[in-house]
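I have placed the structure first, in the form of structure tokens, so that the comments after it can refer back to it.
Computed from a prediction, not measured in an experiment: that's the story for all the values here.
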Amino acid sequence: MTYEKQPVRGFQSSMEMPLQMGLNKINPDSVFLVWPDNSFQQIILKKDSLLQEIRYKPGLPAFDYSMLNRFYTNDSPVWEDITRQTDLLYRHEENPFIEFDREPLMPFMVSGKGLHWQWLI
């Protein structure tokens with residue numbers, strides 16, 4: 001399982017929030033936590049506590065992402081398209097919104113990437 005914490009809210013703002021993971025019937029004894037600087041640490045999970053606080057410590061070893069390849073083989077798909085099975089045929093289309101029309105003092109557009117930039121050229 002992979003969880004990513006991105007405490008971003010709105011335009012140039014942030015809010016601290018806890019990262020919560022539900023494991024259901026899975027009972028691991030430990031987990032690996034990879035920090036944004038690609039350092040990692042092994043966390044031994046406490047069996048008697050549902051809440052565990054973890055803080056970053058400088059000087060941790062670098063995480064080797066090549067070790068993840070042993071979990072995947074060429075014949076096992078990492079991604080499977082189940083659109084037709086679920087019968088949810090949906091296609092997202094962006095609205096043509098140019099933020100500079102409403103906020104002309106913004107240094108750059110932050111609401112989206114891709115087609116919005118083409119409209120400004």
Side-chain angles (χ1 to χ4, degrees):
M1 289 187 239
T2 302
Y3 288 88
E4 197 169 313
K5 181 178 176 181
Q6 296 181 349
V8 177
R9 299 207 188 253
F11 175 67
Q12 293 184 348
S13 65
S14 178
M15 181 175 178
E16 187 61 33
M17 61 184 146
L19 179 67
Q20 299 176 4
M21 292 177 60
L23 298 176
N24 200 4
K25 296 179 181 180
I26 302 171
N27 294 316
D29 58 354
S30 64
V31 294
F32 283 104
L33 175 62
V34 180
W35 293 98
D37 65 351
N38 288 329
S39 64
F40 80 99
Q41 68 186 97
Q42 183 179 13
I43 309 294
I44 307 297
L45 299 176
K46 301 174 186 173
K47 297 290 183 192
D48 57 341
S49 176
L50 295 175
L51 186 64
Q52 189 165 349
E53 185 175 327
I54 303 165
R55 294 189 182 267
Y56 176 77
K57 299 174 207 159
L60 295 169
F63 186 71
D64 181 17
Y65 287 93
S66 66
M67 69 178 259
L68 297 176
N69 291 335
R70 67 184 173 156
F71 297 110
Y72 302 106
T73 61
N74 290 339
D75 57 343
S76 66
V78 177
W79 174 265
E80 180 183 354
D81 186 4
I82 61 168
T83 306
R84 296 193 193 289
Q85 297 170 8
T86 59
D87 211 19
L88 293 174
L89 302 175
Y90 177 78
R91 179 182 172 151
H92 174 76
E93 292 184 18
E94 282 289 328
N95 57 341
F97 179 71
I98 299 176
E99 294 172 294
F100 299 121
D101 292 344
R102 193 167 74 178
E103 283 291 334
L105 297 178
M106 290 176 54
F108 51 87
M109 285 192 0
V110 294
S111 68
K113 293 185 170 34
L115 294 176
H116 294 298
W117 297 107
Q118 293 174 0
W119 293 334
L120 294 175
I121 297 174

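Identified under the salt bridge (charged side-chain N to carboxylate O under 4.0 Å, His left out) test for residues 35-52, with sequence neighbours left out: none.
Considering CD1 of I54 and CG of L33, their distance stands at 6.0 Å, rounded to 0.5 Å.
Counting all heavy atoms, side chain and backbone alike, K57 lies closest to L60 at O-CG, 3.1 Å. Between L45 and Q52, the shortest heavy-atom distance links the atoms CA-OE1, 3.7 Å.
Residues forming a salt bridge (charged side-chain N to carboxylate O under 4.0 Å, His left out) with E103 (at least two apart in sequence, or on another chain): none. Partners of D64 according to the side chain to side chain donor-acceptor pair (under 3.5 Å) rule, which considers only residues two or more places apart in sequence or in another chain, are S66. Evaluation of the side chain to side chain donor-acceptor pair (under 3.5 Å) rule for S30 yields Q42 as partners, not counting sequence neighbours. Every ring-ring contact (aromatic ring centres under 6.0 Å, His included) that Y56 has, sequence neighbours left out, goes to W35.
The hydrophobic cluster analysis finds I44 isolated: no Ile, Leu, Val, Met, Phe, Trp or Tyr side chain comes under 4.5 Å of it, directly or through other members.
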